[in-house]
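Worksheet: the structure to be examined is printed underneath.
Every chain is numbered from 1 and lettered A, B, ... according to where its sequence line falls, protein lines coming before strand lines.
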Amino acid sequence: VPPTRWVLLAAALVLAAIGAVMLGTLHLAPGEVVQAAFGSGTPTHVAVVRSLRLPRVLLAMLVGAGLGAAGAALQGATRNGLAEPYLLGVSGGAAVGAVIAVALRAAAPLVPLSGFAGALAAVALTLVVARAAGGRGDPRVVLMAGVVVGAFANAAIMVALANVDANAVRGALWWMMGSVADASWPQVRMLGVYVAVGIAVLLLLGRAIDLLALGEDAAAGMGVDVGRVSVYVYVAAALLTAGTVAAAGLVGFIGLLVPHLVRAAGARTHRSIIGASALAGAALVVVADLVARVARPPAELPLGAITAIIGVPFFLVRLRRLA
Amino acid sequence: VFPPLRIIARRLAVAALLALPSACDRGAARVPPGSAALDDFGDTVAVLPAPPARIVSLSPSTTELLFAIGAGDRVVGRSTYDSWPPAALARTDLGPGLRPNVEAVLGVRPDLVIVYASEDNRDAVRRLRAAGVNTVAYRLDRIADFERVTLSLGAITGDSIAARRTVDTVRATLDRVRAATSGLRHPTVFWRLWESPLLSVGGGSFLNDLLEIAGARNVYAELPQPSPAVTLEDLVGRDPDLLLTGPTTRERVLREPRWQSLRAVREGRLLVFDTAIVNGPSARVGESAVRLARLIHPGVLP
């Protein structure tokens with residue numbers, strides 16, 4: 001990737017973030033944002049900027065970066081353009097965890113934690129199923145195992161939701177549709193750690209993923225332990241995805257779409273694909289969340305729906321090119 | 001060999017035609033002329049010569065009403081969410097009240113079933129009537145619905161006098177609250193029903209009616225839904241004077257940094273009102289108005 005493209009990408013992300021902090025029900029001038037961020041200005045402005053919008057925009061960035069990087073690594077390691085983080089059963093497992101918390105009438109802050117536990121359990125199950133089927137590193141077997149675990153999770157959700165209070169169901173569905181509306185600084189810090197560690201691990205695996213992308217035999221011939229590297233990639237991607245799911249619910253399409261865009265823009269090595277996907281994913285989710293926030297006041301649209309609405313046309317154009 | 005689709009369709013049509021007259025007959029034959037009103041599905045309410053002896057009520061507010069007008073000892077089944085009066089809890093729990101299990105309802109041998117008039121319940125109403133059970137659907141959402149539904153229930157159960165007395169008592173209480181608060185400044189209020197997504201009391205809710213009677217203005221009164229989803233940012237723009245929350249959330253709201261963006265929270269003006277004990281616009285709605293008015297305007301209605 002030429003350096004100018006990296007600069008453009010970073011500039012797009014910064015512009016999106018600044019715009020997202022300024023815009024909303026209360027429109028703030030750039031000067032007011034800076035003032036409020038440093039704690040001067042009216043108490044309402046300070047609270048809106050510091051405890052509503054900044055954590056929200058940062059959380060959206062982290063969600064986008066995590067999903068973009070996880071998708072890029074998975075598509076490389078499985079040599080499959082349809083691979084995406086949610087296909088490993090993560091989304092289904094997270095939803096089951098959240099719905100169980102709702103059905104047991106747990107307090108609202110416990111719902112995402114339970115979702116996180118469910119996501120990790122589902123990934124573990126997917127990898128165990130794939131291994132039991134004899135395909136430890138075989139991407140096709142892993143993807144199919146993920147689909148099966150996801151289908152099982154759906155059935156469990158329907159059983160759990162059948163007899164739950166209407167408001168609680170609404171809460172669970174809302175969470176599943178994805179939202180960063182409840183962002184707080186502790187959440188930003190927690191997801192920040194996950195995303196930093198997850199992306200660092202994937203960047204370190206970048207060279208090995210390049211070799212995997214040539215084909216398993218070729219990679220093995222060049223001294224790559226195919227099974228081990230694949231499992232590392234799955235686990236790192238799953239941790240990234242589960243972290244984003246716990247913070248923001250299910251934000252679809254980012255993990256699938258962004259790596260395609262980045263490759264179309266000329267990224268070739270997996271280090272650059274993963275890094276650029278993280279930046280582009282971050283910018284895209286920040287913009288999508290801005291749309292979710294201002295499109296239909298006083299209500300909010302689900303973030304997951306916006307990312308899909310933005311994502312589908314991009315993906316169709318990309319499909320035409322591929323076909 | 002499986003018969004072609006055309007023949008199956010014809011057989012189904014014939015079966016449906018054969019089944020239809022019996023279902024219609026049962027519903028129609030029970031309406032004595034001149035004594036009928038319509039329920040909230042637009043169907044005729046059948047008032048039978050003998051008052052019902054075994055009543056199933058599948059929504060919390062109609063169950064509360066039945067006990068209030070003296071028909072409580074004839075209630076044999078209720079919904080899961082029915083919570084008042086305590087005696088109602090001793091009745092058979094027949095599920096959440098939407099899309100009820102018709103077999104379970106028929107299992108308690110009711111001669112009157114009352115359901116909430118939601119589209120979810122249309123099918124169950126049709127099937128209960130087809131089984132020969134008098135079934136009525138009420139949409140008891142607003143305080144304006146209260147008198148109509150109470151009087152109709154009184155007519156069906158044969159407790160018209162008690163129903164009239166309940167209506168008069170509630171009306172007198174509401175009038176007393178309205179009179180006490182009408183001269184006072186009406187503060188603007190945000191009534192928080194749910195945390196994630198953030199749900200407010202909207203103009204379509206009886207809680208909005210209660211707020212107006214108790215001398216306050218709902219900042220989301222113009223939204224037609226009963227519990228619309230709103231955003232904290234939009235709420236900051238509306239700058240309410242007061243917040244109403246449930247008993248468990250007050251401390252959390254006061255502590256959370258995001259909620260500091262509201263002037264009412266910074267100034268500590270959060271009031272606790274437990275919606276769980278209100279139970280819809282039913283027989284205790286007058287008492288709820290009194291409690292709410294005392295909360296918003298301390299010193300009024302001593």
Side-chain angles (χ1 to χ4, degrees), chain A residues 23-28 36 42-56 98 102 107-112 161-175 177 179-187 248-249 290 292-303, chain B residues 59-60 79-81 83 93-101 116 118 120 190 192-200 202 219-239 246 248-249 252-253 255-267 275-276:
Chain A
L23 299 174
T25 313
L26 291 168
H27 288 304
L28 300 177
T42 70
T44 298
H45 283 180
V46 172
V48 164
V49 169
R50 280 189 162 187
S51 49
L52 271 182
R53 287 192 191 159
L54 278 178
R56 184 173 184 155
V102 167
L110 289 179
V111 172
L161 278 187
N163 281 313
V164 176
D165 170 63
N167 266 348
V169 169
R170 195 169 167 184
L173 289 179
W174 179 256
W175 180 80
M177 289 187 288
S179 170
V180 287
D182 295 333
S184 65
W185 285 110
Q187 267 185 322
L290 179 61
R293 202 147 50 90
V294 300
R296 205 190 55 178
E300 228 170 85
L301 297 175
L303 176 59
Chain B
S59 89
S79 87
T80 307
Y81 303 122
S83 58
D93 178 349
L94 292 169
L98 292 181
R99 299 184 176 274
N101 178 339
Y116 180 73
S118 153
D120 284 328
F190 169 64
R192 180 181 187 271
L193 289 181
W194 199 257
E195 181 168 346
S196 182
L198 187 58
L199 299 186
S200 166
V219 288
Y220 287 112
E222 94 270 10
L223 300 182
Q225 309 97 302
S227 51
V230 300
T231 64
L232 190 47
E233 276 209 25
D234 185 80
L235 184 57
V236 170
R238 292 173 194 242
D239 193 29
T248 54
T249 42
R252 200 161 68 238
V253 170
R255 269 202 321 270
E256 249 188 63
R258 322 184 313 115
W259 284 86
Q260 299 305 313
S261 42
L262 279 176
R263 182 176 56 89
V265 174
R266 290 198 300 272
E267 296 171 4
T275 49

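- Both the backbone and the side chain of B:Val230 come within contact range of chain A, each with at least one heavy atom under 4.5 Å from a heavy atom of that chain.
- Looking at B:Arg258, the atoms closer than 4.5 Å to chain A (heavy atoms on both sides) sit in the backbone and in the side chain alike.
- The backbone N or O of B:Thr231 sits nowhere less than 3.5 Å from a side-chain atom of A:Glu300 that would complete a donor-acceptor pair.
- Between A:Ser51 and B:Pro257 the shortest heavy-atom distance is OG-O, 3.2 Å.
- Side-chain contact check for A:Pro298 versus B:Tyr220: some heavy-atom pair is nearer than 4.5 Å.
- Using modelled atom types, one finds no donor on one side chain facing an acceptor on the other under 3.5 Å when comparing B:Arg238 with A:Thr25.
- Per-residue counts of heavy-atom pairs under 4.5 Å with chain B were compared for A:Arg53, A:Arg293, A:Arg56; the largest is that of A:Arg53.
- The contact between A:Ala299 and chain B is made by backbone and side chain atoms together, counting heavy-atom distances below 4.5 Å.
- Checking A:Asp182, A:Val48, A:Leu52 one by one against B:Leu232, the side chain to side chain contact (heavy atoms under 4.5 Å, CB included) holds for a single residue, A:Leu52.
- Minimum interatomic distance between A:Thr44 and B:Ser261 (heavy atoms only, all atoms of both residues): CG2-O, 3.8 Å.
- Within the 4.5 angstrom heavy-atom criterion, only side-chain atoms of B:Leu223, from C-beta onward, approach chain A.
- When side chains are defined from C-beta on, B:Gln260 does not count as touching A:Arg50, because their heavy atoms never get closer than 4.5 Å.
- With a threshold of 4.5 angstrom between heavy atoms, B:Arg99 does not approach chain A through any atom at all.
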